[in-house]
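These numbers come from a predicted model, not from an experiment. Heavy-atom basis, side chains included; hydrogens, waters and symmetry copies ignored.
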Amino acid sequence: MLALFPEAVREAAQGVVDAVPPESTQQAVGYPTLFVLVALGSLVPVLPTGALVSTAAVVAFHQGSPPALLAVFAVAALAAFLGDVALYWLGLRGVRSENGSRLLDRLRDRADPGRLDAARRKLGEHAVPVLVVSRLLPAGRIPVMVACLLARMPLRGFAHGDAPAALAWAAAYGLIGIAGGSLFAEPWEGVLAAVALTLLISAVPRVWRRLASHRRTGEG
């Protein structure tokens with residue numbers, strides 16, 4: 001089926017696979033690169049970090065190395081956790097300052113108002129489950145983080161809830177990569193399938209919000 005894709009797309013996917021260092025050098029290059037990109041993506045919520053983790057999992061799966069898969073999971077989870085905690089710490093500094101925070105304002109602008117209100121209602125009783133679910137849902141992390149900031153949740157409390165959330169997120173996207181790697185014989189095919197699936201998952205909330213907006217407009 002993937003043979004029907006344009007040659008340029010297949011070459012791009014193969015280039016991603018070729019750019020990943022061989023197993024003997026991943027500890028020196030591949031894993032630190034994955035760590036930096038995922039941590040940066042957590043701080044700057046525009047990078048497709050899920051696709052990065054899935055791609056790394058596809059390559060590790062085709063290497064037939066369970067330790068490599070575990071390393072991808074551990075590196076991704078740690079990077080996501082530290083990135084989240086760093087972003088939350090920056091947000092807390094703004095909340096506690098007299099002049100507010102440009103960062104908090106930017107995060108609030110990126111948060112869907114409906115999701116933000118729902119997060120603020122649920123956060124008091126179910127902080128840890130809410131943080132875990134928010135990490136797994138596309139576009140769910142920022143509204144919950146803003147709700148935590150507005151509620152003045154301490155950094156330690158946020159970190160306590162975000163740790164299992166980062167683990168669940170890394171496991172979910174790692175499994176997407178394993179699924180892509182197991183379905184296709186060529187690594188580049190698995191990479192293409194995993195990236196397409198992660199992008200599709202991330203696009204669902206935007207499409208849903210647009211449909212809901214059109215429905216409300218039509219009813220009005």
Side-chain angles (χ1 to χ4, degrees), residues 16-17 19-63 65-93 103 106-107 110-111 127-128 130-146 148-149 153 155-181 187 190-191 194-195 197-199 201-202:
V16 172
V17 175
V20 176
E23 189 175 359
S24 60
T25 59
Q26 278 187 356
Q27 291 185 348
V29 179
Y31 298 140
T33 300
L34 178 64
F35 178 89
V36 170
L37 291 176
V38 172
L40 185 62
S42 298
L43 279 169
V44 184
V46 293
L47 297 177
T49 51
L52 292 172
V53 176
S54 297
T55 297
V58 169
V59 177
F61 177 85
H62 276 278
Q63 289 175 345
S65 173
L69 282 170
L70 289 175
V72 168
F73 164 74
V75 169
L78 180 61
F81 172 73
L82 293 179
D84 286 352
V85 169
L87 184 61
Y88 191 76
W89 176 76
L90 292 172
L92 275 181
R93 289 190 62 187
L103 174 62
R106 292 195 192 102
L107 290 176
R110 291 182 61 86
V128 174
V130 169
L131 282 167
V132 172
V133 172
S134 74
R135 245 301 181 178
L136 295 175
L137 290 177
R141 181 173 68 104
I142 297 303
V144 171
M145 185 177 289
V146 172
C148 291
L149 289 170
M153 178 183 289
L155 181 62
R156 179 177 296 182
F158 176 82
H160 175 73
D162 192 65
L167 290 170
W169 174 84
Y173 281 98
L175 288 173
I176 290 175
I178 292 173
V191 167
V195 171
L197 182 57
T198 54
L199 293 179
I201 292 172
S202 65

Legend entry - Over all atoms of both residues, closest heavy-atom pair of Leu136 and Ala172: CD2-CB, 4.0 Å
Legend entry - side-chain hydrogen bond (donor to acceptor under 3.5 Å, both in side chains): pairs with one or both residues in residues 35-51, sequence neighbours excluded: Ser42-Arg135
Inset, instruction - Using side-chain contact (heavy atoms from CB on, under 4.5 Å) as the criterion, list what pairs up with Ala163, not counting sequence neighbours. - result: Phe81
Legend entry - Nearest-0.5 Å distance that lies between atom CG in Leu167 and atom CG in Leu78: 9.5 Å
Legend entry - Whether Tyr173 side chain and Ala76 backbone form a donor-acceptor pair below 3.5 Å: no
Inset, instruction - Mark yes or no for whether Ser54, through its side chain, and Ala51, through its backbone, hold a donor-acceptor pair below 3.5 Å. - result: no
Inset, instruction - Specify the closest pair of heavy atoms between Ala159 and Val85, including all atoms of both residues, with the distance to one decimal. - result: CB-CG2, 4.2 Å
Legend entry - Pairing residues for Leu40 by the side-chain contact (heavy atoms from CB on, under 4.5 Å) criterion, not counting sequence neighbours: Val44, Leu47
Legend entry - Residue pair Val38 / Ala80: nearest heavy atoms and the distance that separates them: CG1-N, 3.7 Å
Legend entry - Inter-residue atom distance Asp162.CG - Asp84.CG, 0.5 Å rounding: 4.0 Å
Legend entry - Minimal non-hydrogen separation, Ala68 against Gln63, with atom names: CB-OE1, 4.1 Å
Legend entry - Phe158 side, atom CZ; Leu149 side, atom CG - distance, nearest 0.5 Å: 7.5 Å
Legend entry - Which residues share a side-chain contact (heavy atoms from CB on, under 4.5 Å) with Val75, sequence neighbours left out: Tyr31, Leu34, Phe35
Inset, instruction - To the nearest 0.5 angstrom, please state how far the CG atom of Leu155 sits from the CG atom of Leu92. - result: 6.0 Å
Inset, instruction - Kindly give the heavy-atom pair with the smallest separation between Leu43 and Ala86, and that separation in Å. - result: CD2-CB, 3.8 Å
Inset, instruction - Give the minimum heavy-atom separation between Val132 and Ala165, together with the two atoms involved. - result: CA-CB, 3.6 Å
Legend entry - Residues forming a side-chain contact (heavy atoms from CB on, under 4.5 Å) with Val36, sequence neighbours excluded: none
